[in-house]
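Here the structure is laid out as structure tokens; the discussion comes afterwards.
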Amino acid sequence: GPFCFLCFSACCAAQDLGGRPSGGLLGPLLAARPLVLLSQYSYAAYLSQDMLWHLLAFANVWKSPPLDAAKLFIIVVHSFIVGALLTKVERLCAQAVDTRIKAVGS
């Protein structure tokens with residue numbers, strides 16, 4: 001309901017014009033560096049949480065469910081740590097590729 005409407009209105013308001021949002025009330029707010037970083041880290045955490053769950057189960061750190069608050073906290077914290085590291089590695093790789101493309105093109 002309301003969350004979907006917020007996402008849709010943010011998408012419409014934050015049209016990219018040379019790296020800056022075009023305007024509106026939500027564009028500059030959603031383009032703020034802390035929110036951008038949080039969205040990148042949370043997406044990487046989302047991608048890594050299942051991998052961490054299976055890795056910890058495979059290593060016999062714990063068996064599968066029941067899932068209690070402590071296990072959930074460990075997965076969430078580790079997912080965000082791995083997500084932040086993966087985001088940093090992705091950013092470094094993208095910079096290296098951009099540098100290589102610019103060197104080849106000139």
**Q.** Listed partners of Gln49 passing side-chain contact (heavy atoms from CB on, under 4.5 Å), at least two apart
**A.** Tyr46, Ile75, Ser79
Q: Applying side-chain contact (heavy atoms from CB on, under 4.5 Å), name anything that partners Val89, two or more places apart in sequence or on another chain.
A: Cys93
Q) When Ile, Leu, Val, Met, Phe, Trp and Tyr are grouped by side-chain heavy atoms lying under 4.5 Å apart, directly or through other members, which residues fall in the same group as Val77? A) Phe73, Ile81, Leu85
Q) Could you give all pairs that pass the side-chain hydrogen bond (donor to acceptor under 3.5 Å, both in side chains) test and reach residues 36-45, with sequence neighbours left out? A) Gln40-Arg91
(Q) Does anything in residues 92-101 form a side-chain hydrogen bond (donor to acceptor under 3.5 Å, both in side chains)? List the pairs, not counting sequence neighbours. (A) none
Q | From Lys88 atom NZ to Leu92 atom CG, the distance as rounded to the nearest 0.5 Å | A | 5.0 Å
Q) Roughly how far, to the nearest 0.5 Å, is CG of Leu86 from CE of Met51? A) 6.5 Å
